[in-house]
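Here's the structure we're looking at; comments come further down.
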Amino acid sequence: MKRLPFPVLLRRTAALAALALLAGCSLLGGGAQRDPVTIHAPRLQAQPDPSWPQVQWQLAIARPIASRLVDSPRMAVRPVPGELQVYRGSAWAQPATDMIEGSVLRVLEESGKITGVGRLSSGMRSDYRLLMDLRRFEADYRGGDLPVATIEISASLIDSRDQRIVGRHTFLREQPASATEVASVASAFDQALASIASEIAGWTLVQGQADATRAAP
């Protein structure tokens with residue numbers, strides 16, 4: 001039997017621990033906890049912007065950091081301010097940080113605008129590093145009748161050579177769901193994830209290229 005690399009094993013163990021933790025939280029809907037779980041996997045539909053600059057440097061994307069409750073496979077929902085619950089019988093196919101990392105990476109790869117881009121964990125040599133702090137990944141009713149898919153990320157672009165902060169920005173995407181059903185909420189996250197991944201990718205290229213141009217002899 002093939003053994004999993006330790007980082008992968010650790011990540012899966014953490015996800016299972018988060019599931020166990022949230023099993024004790026208040027869940028929307030009634031019924032037993034042994035009900036079947038529907039797995040939702042957002043489909044990335046982001047389109048690279050042709051106006052993004054063509055760059056000749058390489059970028060390493062670090063796996064975003066997040067609190068244990070934010071980086072969970074369970075689908076979080078905030079029915080009222082100050083109260084965080086999860087949708088019963090529904091979960092994400094991946095933890096939120098994995099979805100964010102993979103989405104930004106894919107947009108940059110498909111843009112054709114950058115010489116090289118990869119995960120920091122791959123050990124690739126890079127000119128810049130993209131660090132992200134995932135602060136919110138939840139459906140928020142905000143006092144209304146319909147939930148709003150809410151993603152908030154603080155991003156920092158770092159020069160790998162001198163550890164200098166090239167740029168820092170907080171991104172917030174709020175996409176209203178068309179209905180209260182979980183399938184509608186998942187669809188809203190499809191759109192929110194695609195939008196914020198595209199924004200972060202474009203911002204990274206613009207900030208990095210501006211810095212590279214200033215540093216050029």
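Heavy-atom basis, side chains included; hydrogens, waters and symmetry copies ignored.
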Is the shortest side-chain N to carboxylate O distance from [X] to [Y] below 4.0 Å?
X: Arg142; Y: Asp140; result: no
X: Lys113; Y: Asp49; result: no
X: Glu152; Y: Arg173; result: no
X: Arg63; Y: Asp71; result: yes
X: Glu101; Y: Arg119; result: yes

Looking at [X] and [Y], would you say the former's side chain and the latter's main chain have a donor-acceptor pair under 3.5 Å?
X: Ser111; Y: Leu108; answer: yes
X: Thr204; Y: Ile200; answer: yes
X: Ser198; Y: Ala194; answer: no

- Message: Give me the atom names and distance for the closest heavy-atom approach of Val70 to Ala96.
- Response: O-CB, 3.8 Å
- Non-hydrogen atoms of Ile61 and Met132 that approach each other most closely: CG2-CE, 3.8 Å
- The single option from Arg78, Gln175, Glu174 passing side-chain contact (heavy atoms from CB on, under 4.5 Å) against Val148: Glu174
- State yes or no: do Phe171 and Trp52 share one hydrophobic cluster built from I, L, V, M, F, W and Y residues joined by side-chain heavy-atom distances below 4.5 Å, directly or via other members? yes
- Message: When you group the ILVMFWY residues by side-chain heavy-atom contacts below 4.5 Å and let the links chain together, are Tyr141 and Phe137 in the same group?
- Response: yes
- Query: Going by distance alone, is a donor N or O of one side chain under 3.5 Å from an acceptor N or O of the other, for Gln209 and Gln207?
  - Reply: no
